[in-house]
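Here the structure comes first, spelled out in structure tokens, and everything after it is commentary.
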Amino acid sequence: VMQESAKAAYSYVRANSKKYNINEIDNDVKIEEPNETIDFDIDREYIDFEKAAVPVDLSGLKVVVDCANGASYKTNTTVLRELGADLIPIHVEPNGTNINDKCGSTHLEDLMATVKKEGADIGIAFDGDADRMLAVDENGESVDGDEIMSICANHMKERGELKKNTLVVTVMSNLGLSIMGKEKDINIEVTKVGDRYVLEKMKEKHPHWTDLQLRNVLYWQGTAKKEH
């Protein structure tokens, strides 16, 4: 989203290059001051992007989300609310020093306790920079990365959306995931650890989902929008 915003800003400046003299910059040229500014609501753009990427209705679901006093304290809570969830946010007060401090995906204790206390349907925990997540079920029990990937892959397969019935994982995934694949007729492709190797395999096989046991998830659409 930020990249697209940057492109939009660059295109605007290029379109007004004569006014700003951006092609004539040197020590002797005085750059004309712009007479207007462009404001980008990056939060709103990102929120809308997330909602469009996962267009689900969470109405009726009580969700606890732990944002680890980090990057997702505003955007992810807004997304979940706007998708209809009855949301209970925790650890959403970053002060610059409390990020990941006994909270988030590396410390599930508060999330597990809150899910049980509130009778929530699910708990979601992000880490401080919001590139990792873990889940907690309605019983307050943790759901690890392999379990999350199994749930997602089976759901997509049932909906006919799992490209080539393929799930790409790394060598860090456990044997249970491979057994699940055989039982559910899902092809499990294994790579070395690292986003680079996983992404290469995804591009090769064009599946939808991939997992790193470190709780990173990549979603590869390929030509899915054209086919579904």
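Along the sequence shown, residues are numbered consecutively beginning with 1.
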Residues 112-123 side chain polar contacts: donor-acceptor under 3.5 Å, at least two apart:
unit_1, atom_1, unit_2, atom_2, d
Thr114, OG1, Asp110, O, 2.7
Asp121, OD2, Lys62, N, 2.8

Check: Tell me, do Ile124 and Val63 make a side-chain contact under 4.5 Å, heavy atoms counted?
Finding: yes

Checklist line | Least distance between heavy atoms, Leu108 atom then Ala125 atom | finding: CD2-CB, 3.6 Å

Margin query: Working to the nearest 0.5 angstrom, can you tell me the gap between Thr97 OG1 and Asn69 CG?
Written below: 9.0 Å

Next item on the list: Could I get the full list of side chain to side chain contact (heavy atoms under 4.5 Å, CB included) partners for Asp185, not counting sequence neighbours?
Entry: Lys157

Notebook entry, point to check: Does any pair with a residue in residues 78-95 pass salt bridge (charged side-chain N to carboxylate O under 4.0 Å, His left out), and if so which ones, sequence neighbours excluded?
Noted result: Arg44-Glu82, Lys51-Glu82

Margin query: Does any part of the side chain of Val169, heavy atoms only, come nearer than 4.5 Å to the side chain of Met149, both counted from C-beta?
Written below: no

Margin query: Within this structure, what is the CG-CG distance for the pair Leu61 and Leu87, rounded to the nearest 0.5 Å?
Written below: 11.5 Å

Note to self: Under the rule for side chain to side chain donor-acceptor pair (under 3.5 Å), what residues qualify as partners of Asp43, not counting sequence neighbours?
What the structure shows: Lys74

Check: Which heavy atom in Gly145 sits nearest to a heavy atom in Leu134, and how many Å separate them?
Finding: N-CD2, 4.0 Å

Note to self: To the nearest 0.5 Å, what is the distance between NZ on Lys102 and NE2 on His91?
What the structure shows: 11.0 Å

Enumerate donor-acceptor pairs with a distance under 3.5 Å from any side-chain N or O in residues 136-143 to protein atoms, sequence neighbours excluded.
unit_1, atom_1, unit_2, atom_2, d
Asp137, OD1, Asn139, N, 2.9
Asp137, OD1, Gly140, N, 3.1
Asp137, OD1, Glu141, N, 2.9

Check: Can you tell me how far OG of Ser150 sits from CE of Met180, rounded to the nearest 0.5 angstrom?
Finding: 3.5 Å

Notebook entry, point to check: Under the 3.5 angstrom rule, does the side chain of Asp146 hit a backbone N or O of Asn174 as a donor-acceptor pair?
Noted result: yes

Next item on the list: Following the transitive rule for hydrophobic clusters with a side-chain heavy-atom cut-off under 4.5 Å over Ile, Leu, Val, Met, Phe, Trp and Tyr, establish whether Leu177 and Val190 coincide in one cluster.
Entry: yes

Item checked: With Asn76 via side chain to side chain contact (heavy atoms under 4.5 Å, CB included) - residues at least two apart -> Glu50, Ser72, Phe126

Item checked: Inter-residue atom distance Asp101.CG - His107.NE2, 0.5 Å rounding -> 7.5 Å

Margin query: Please report the interatomic distance CG(Asp127) to CD1(Ile99), rounded to the nearest 0.5 Å.
Written below: 8.0 Å

